[in-house]
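Just below is one structure, and these are the notes that go with it.
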Amino acid sequence: QVQLAESGGGLVEPGGSHQLSCAPSVRTVSVYTMAWFRQAPGKEREFVGGIRARDVPFYGNSMKGRFVIRKDNAKNLLTLQMNRLQSDDTAVYYCAATASTLIASTIGTQSSYTYWGQGTQVTVSN
């Protein structure tokens with residue numbers, strides 16, 4: 001059983017930067033496909049970014065150029081660096097993972113992922 005623990009949520013000023021982390025209970029980062037999703041109140045869950053083992057990251061359109069997803073294999077940690085945050089970035093951010101090597105077209109699909117964290121709240125506001 002794999003458990004994913006997100007951390008780093010909090011209140012961030014508009015235009016600011018922030019970083020989230022996902023720490024799996026067992027070693028997964030180096031060999032699993034992992035991703036970040038987010039969900040704002042009243043909205044569908046949205047793909048933020050994902051990365052397969054030994055691969056380049058993929059991003060949702062709204063996050064390109066502002067967010068960076070990264071695997072730290074040595075620390076078994078998945079991070080999300082968020083820059084130039086806007087109020088509409090306010091959401092619960094979820095870490096997700098699957099042991100499957102996903103084809104590129106399914107990396108951004110929720111149903112592709114087996115394991116999910118509980119989420120961490122990011123609020124962008126003055």
Side-chain angles (χ1 to χ4, degrees):
Q1 184 66 255
V2 176
Q3 293 180 315
L4 306 174
E6 304 99 336
S7 62
L11 179 64
V12 187
E13 293 185 352
S17 297
H18 201 69
Q19 184 169 288
L20 304 178
S21 297
C22 173
S25 59
V26 298
R27 180 160 293 281
T28 60
V29 172
S30 62
V31 294
Y32 280 34
T33 301
M34 301 192 70
W36 289 97
F37 289 79
R38 69 183 186 184
Q39 188 166 20
K43 296 184 178 180
E44 297 289 329
R45 190 164 295 187
E46 178 185 24
F47 175 65
V48 176
I51 184 167
R52 298 176 291 191
R54 299 171 293 279
D55 199 8
V56 297
F58 295 76
Y59 296 99
N61 290 334
S62 297
M63 274 61 69
K64 288 182 178 179
R66 296 194 300 121
F67 290 10
V68 179
I69 187 170
R70 183 175 298 170
K71 285 183 173 181
D72 187 334
N73 292 336
K75 296 181 179 179
N76 194 38
L77 200 66
L78 179 75
T79 63
L80 178 68
Q81 177 65 44
M82 303 179 290
N83 301 307
R84 300 188 300 281
L85 285 161
Q86 306 163 10
S87 59
D88 57 2
D89 292 319
T90 296
V92 177
Y93 285 73
Y94 297 91
C95 180
T98 178
S100 299
T101 300
L102 303 177
I103 61 174
S105 61
T106 65
I107 291 175
T109 303
Q110 294 180 57
S111 60
S112 296
Y113 297 89
T114 304
Y115 306 105
W116 291 85
Q118 294 298 307
T120 186
Q121 176 74 43
V122 174
T123 302
V124 184
S125 180
N126 291 313

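Predicted, not measured: the structure shown is a model, and the values here were computed from it.
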Would a 4.5 Å heavy-atom cut-off, applied to side chains only, mark Val12 and Met82 as touching?
no
With sequence neighbours excluded, give me every disulfide bond (SG atoms under 2.5 Å apart) pair touching residues 96-126.
none
Please set out all donor-acceptor pairs under 3.5 angstrom arising from side-chain atoms of residues 119-126, sequence neighbours excluded.
| from | atom 1 | to | atom 2 | distance (Å) |
| --- | --- | --- | --- | --- |
| Thr120 | OG1 | Gly9 | N | 3.1 |
| Gln121 | NE2 | Thr123 | OG1 | 3.4 |

Hits for salt bridge (Lys or Arg N to Asp or Glu O under 4.0 Å) against Asp55, two or more places apart or cross-chain, chain-then-number order -> Arg52
Salt bridge (Lys or Arg N to Asp or Glu O under 4.0 Å) involving Arg66 - partner list, sequence neighbours excluded
Asp89
According to disulfide bond (SG atoms under 2.5 Å apart), does anything in residues 45-97 pair up with another residue at least two apart or in another chain? List the pairs.
Cys22-Cys95
In one Ile/Leu/Val/Met/Phe/Trp/Tyr side-chain cluster, 4.5 Å: Tyr94, Leu20
no
Given side chains that start at C-beta, do those of Thr79 and Gln81 come closer than 4.5 Å, heavy atoms only?
no
Please check if atom CZ in Arg70 has more than 12 non-hydrogen atoms from other residues, nucleotides or ligands closer than 6.0 Å.
no
Residue pairs meeting ring pair (Phe, Tyr, Trp, His ring centres under 6.0 Å), one or both in residues 19-78, sequence neighbours left out, come to Phe37-Phe47, Phe37-Tyr113, Phe37-Trp116
Under the disulfide bond (SG atoms under 2.5 Å apart) definition, can you give me all pairs with a residue in residues 31-79, not counting sequence neighbours?
none
Same apolar cluster: Met34 and Val31, side chain cutoff 4.5 Å:
yes
Find out whether Leu78 and Ile51 are in side-chain contact, i.e. whether some heavy atom of one side chain is under 4.5 Å from a heavy atom of the other.
yes
With sequence neighbours excluded, what pairs up with Ala5 under the side-chain contact (heavy atoms from CB on, under 4.5 Å) test?
none
Applying salt bridge (Lys or Arg N to Asp or Glu O under 4.0 Å), name anything that partners Glu6, two or more places apart in sequence or on another chain.
none
Greater than 12 external heavy atoms within 6.0 Å of Glu13's CD:
no
Distance-only check: which donor-acceptor pairs under 3.5 Å involve side-chain atoms of residues 100-109, not counting sequence neighbours?
| from | atom 1 | to | atom 2 | distance (Å) |
| --- | --- | --- | --- | --- |
| Thr106 | OG1 | Ile103 | O | 3.0 |

Are Val26 and Val29 connected in a single hydrophobic cluster, I mean Ile/Leu/Val/Met/Phe/Trp/Tyr linked by side-chain heavy atoms less than 4.5 Å apart?
yes
Residues passing the side-chain contact (heavy atoms from CB on, under 4.5 Å) test with Ala91, sequence neighbours excluded, are Arg38, Ala40, Tyr93
Would you say Ile69 ends up clustered with Leu4 if hydrophobic residues are merged whenever their side chains have heavy atoms under 4.5 Å apart, either directly or through other cluster members?
yes
For Asp72, the side-chain contact (heavy atoms from CB on, under 4.5 Å) test, sequence neighbours excluded, returns Ala74, Lys75, Leu77
Using modelled atom types only, decide if a donor and an acceptor are shared between the side chain of Asn76 and the backbone of Thr28 within a distance under 3.5 Å.
yes
